[in-house]
Engineer: 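Shown below is the structure under consideration.
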There are 2 protein chains.
Amino acid sequence: MKRLTGRNDSTDQAADDERRAGARPFADSLARLKEVGLRPTRQRLALAKLLFDAGDHHITAEQLHAAARSAGVKVSLATVYNTLHQFKDVGILREVVVEPGRSYFDTNVRPHHHFFHEGRGHLTDIPDEAVALTRLPDPPEGAEISRVDVIIRVNDRA
Amino acid sequence: MKRLTGRNDSTDQAADDERRAGARPFADSLARLKEVGLRPTRQRLALAKLLFDAGDHHITAEQLHAAARSAGVKVSLATVYNTLHQFKDVGILREVVVEPGRSYFDTNVRPHHHFFHEGRGHLTDIPDEAVALTRLPDPPEGAEISRVDVIIRVNDRA
DNA sequence: AACCAGTTTAAAATCTTTCTAAACTGTGAC
DNA sequence: GTCACAGTTTAGAAAGATTTTAAACTGGTT
C-alpha cells in the first residue's frame, strides 16, 4: 500500500482532486501544463481537468469556480481568474466576449465561430466550415489581423 | 427680443446646450426623438446632438458623459446610461461588445462590421460590402438569426 | 533540509453598470 | 397661464465581475 504518514499531503490531495474531477489519466493534464510552461500545481491540475476532460464547452469564471467547489476541489475565485487568463495566454483556452459584463472561456481553440442565444445567454460552437468568409477588408495601415470572429446572434422564433 | 424673465429656464438651457454641443438645426434631434416616442428632454436632446451630429462613431457611456460635461451639458452618468439604452432599444443606436467589462455604442445602425484594435482598444467600421459571408449555418432548432457580427481583431504589426 | 521563485489566497479595491427613492419637468387639460 | 401627472433625472447606494494586494504556501532544486 501507499504511504501511511500524515493524510492530506499535497500529493494525496492532488490525486483526490483528480478523482473528484471525474478524471482521465493523470498524465494528460500534467503533460499539458508542463508543455506550456506552467507549474503543475494542485489547483491548476484540477482546473485543467474540469476544463479539458469534459469536451468542448464554454464557461465563465464563476461557473468554473462553482464546478470546482462542487467537485470538492478547494480553490479560490482569484485563482480561477488567474488560471483562466494564464491558460488563455498560453493558448490552450480562448476568451469569448459576447455579453457586456461577463467573459466566457472556450475550451475549443481550433478555428470556429459561435451562435449566441441572446435570450438564454448561451454560446454554441459553429464549425469553421459552416461559415464561408469569401471577402475580407485589408487591415488598417500598420496592423495585422489576429483573429476573425463571426458571432451569429439568435433568439427564439416569434 | 426674447423674454427678459428669469434666466436659465429650461428652454434657454436647452438652447445653451445646443450651442455648446456644437449643433446643427435644433429640429433634427428634436424630430428624431419625437419619431421614436421619447420625450425630448434637455438631457436627451443634448446627448442626441453629441451622438448624432458628429458622424458615425463608437463611444462608451463614460466617454459620452465626459463629452457632455466638457461641452458644458449637465447630465448625470445614470442618465447617460439610461439614454444610451433607450436609444438602443428604439434602434437609433447599436451596442457593440468586444472587450470584457465595457460596452461601446455605435451611432451607425446600418449593416456593417468592425475592426477591433486589441492593443489600442479601438473600434473601426467595416462597410457591409467589404465582407462577403457566402455560407452560414442554419440557426438552432426553434431559433432565428437576429444579427451576424463579424469582428476582425487586429494588432500592430510585429 | 533549506531555499526561493512561482503560486495561492482572503480581503480589499476597482470598474462598469444598475437600482432606488426622491425631486423635477414636459405635456395636455382647463 | 396654471394644474396635475406620467415620464425623467439624479445622487448615492448597490450590485456584479474582475483585479490587486500583501502575506502565507509550495513545487522543484540545491
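So you know, we letter chains A, B, ... as the sequences are listed, proteins then strands, and number each from 1.
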Engineer: For B/Val131, what are the other residues in its hydrophobic cluster, where any two members join if their side-chain heavy atoms are less than 4.5 angstrom apart?
Structural biologist: A/Phe115, A/Ile126, A/Val131, A/Leu133, A/Leu136, A/Ile145, A/Val148, A/Val150, A/Ile152, A/Val154, B/Phe115, B/Ile126, B/Leu133, B/Leu136, B/Ile145, B/Val148, B/Val150, B/Ile152, B/Val154

Engineer: Is B/Tyr81 near enough to C/dT17 that one of its side-chain N or O atoms lies under 4.0 angstrom from OP1 or OP2?
Structural biologist: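 For C/dT17, OP1 or OP2 has a side-chain N or O of B/Tyr81 closer than 4.0 Å.
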
Engineer: Could I get the full list of side chain to side chain contact (heavy atoms under 4.5 Å, CB included) partners for A/Ala68, not counting sequence neighbours?
Structural biologist: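 Residues passing side chain to side chain contact (heavy atoms under 4.5 Å, CB included) with A/Ala68: A/Leu47, A/Leu50, A/Val73, A/Val75.
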
Engineer: Can you tell me the distance, in whole Å, between the NZ atom of A/Lys74 and the C1' atom of D/dC25?
Structural biologist: 13 Å

Engineer: Under the criterion side chain to side chain donor-acceptor pair (under 3.5 Å), I'd like the reasoning laid out for A/Thr79 against A/Gln43: C-alpha separation, chi angles, the key distance, then a yes or no.
Structural biologist: CA-CA 8 Å; A/Thr79 295; A/Gln43 291 87 337; 5.7 Å; no

Engineer: Between C/dT8 atom C1' and A/Arg42 atom CZ, what is the distance in whole Å?
Structural biologist: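 These atoms are roughly 9 Å apart.
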
Engineer: Which whole-number value in Å describes the distance from A/Leu77 CG to D/dT21 C1'?
Structural biologist: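 Nearest whole value for this atom pair: 16 Å.
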
Engineer: Per the ring-ring contact (aromatic ring centres under 6.0 Å, His included) rule, what does the pair list look like for residues 56-79 of chain A, sequence neighbours excluded?
Structural biologist: A/His58-A/His114

Engineer: Check the interface with nucleotides 19-22 of chain C: list each N/O to N/O pair with the protein under 3.5 Å, or write none.
Structural biologist:
none

Engineer: Ignoring hydrogens and angles, state whether a donor on the side chain of A/Asp128 or A/His112 is under 3.5 Å from an acceptor on the partner side chain.
Structural biologist: no

Engineer: Taking side chain to side chain contact (heavy atoms under 4.5 Å, CB included) as the definition, give me every residue that meets it alongside A/Val109, ordered by chain and number, with sequence neighbours left out.
Structural biologist: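 Scan of A/Val109 (side chain to side chain contact (heavy atoms under 4.5 Å, CB included), adjacent residues dropped) gives A/Arg94.
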
Engineer: Could you state the CZ-C1' distance from B/Arg69 to D/dA11, rounded to the nearest angstrom?
Structural biologist: 11 Å

Engineer: Each nucleotide in nucleotides 1-8 of chain D should get exactly one letter: B, S or -. Can you fill that in based on protein heavy atoms under 4.0 Å?
Structural biologist: -----BBS

Engineer: For B/Arg120, what residues pass the side chain to side chain donor-acceptor pair (under 3.5 Å) criterion, not counting sequence neighbours?
Structural biologist: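 Partners of B/Arg120 under the side chain to side chain donor-acceptor pair (under 3.5 Å) test: B/Asp156.
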
Engineer: Measuring to OP1 and OP2 of D/dT19, would you say a side-chain N or O of A/His85 lies under 4.0 angstrom away?
Structural biologist: yes

Engineer: Go through residues 100-109 of chain B and report each residue with a non-hydrogen atom lying under 4.0 Å from DNA chain C, sorted by number.
Structural biologist: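 Close to the strand are B/Gly101, B/Arg102, B/Ser103.
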
Engineer: Output the rounded distance in Å from CD (A/Glu99) to P (C/dT16).
Structural biologist: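 Rounding to the nearest Å, CD of A/Glu99 and P of C/dT16 are 19 Å apart.
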
Engineer: Kindly write out the residues that satisfy side chain to side chain contact (heavy atoms under 4.5 Å, CB included) with A/Glu99, not counting sequence neighbours, or none if the list is empty.
Structural biologist: A/Arg102, A/Tyr104, A/Phe116

Engineer: Return the value, rounded to whole Å, for the distance between atom CG of B/Asp89 and atom P of C/dT18.
Structural biologist: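 So the CG-P distance, B/Asp89 to C/dT18, works out to 11 Å.
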
Engineer: Taking side chain to side chain contact (heavy atoms under 4.5 Å, CB included) as the definition, give me every residue that meets it alongside B/Arg110, ordered by chain and number, with sequence neighbours left out.
Structural biologist: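 Checked B/Arg110 against side chain to side chain contact (heavy atoms under 4.5 Å, CB included); matches are B/Asp56, B/Asn108.
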
Engineer: Among all residues two or more places apart in sequence or in another chain, which pass the side chain to side chain donor-acceptor pair (under 3.5 Å) test with A/Thr41?
Structural biologist: none

Engineer: Within less than 4.0 Å of OP1 or OP2 of C/dT16, is there a side-chain N or O belonging to B/His65?
Structural biologist: no

Engineer: Could you list the residues that satisfy side chain to side chain donor-acceptor pair (under 3.5 Å) with B/Thr124, not counting sequence neighbours?
Structural biologist: none

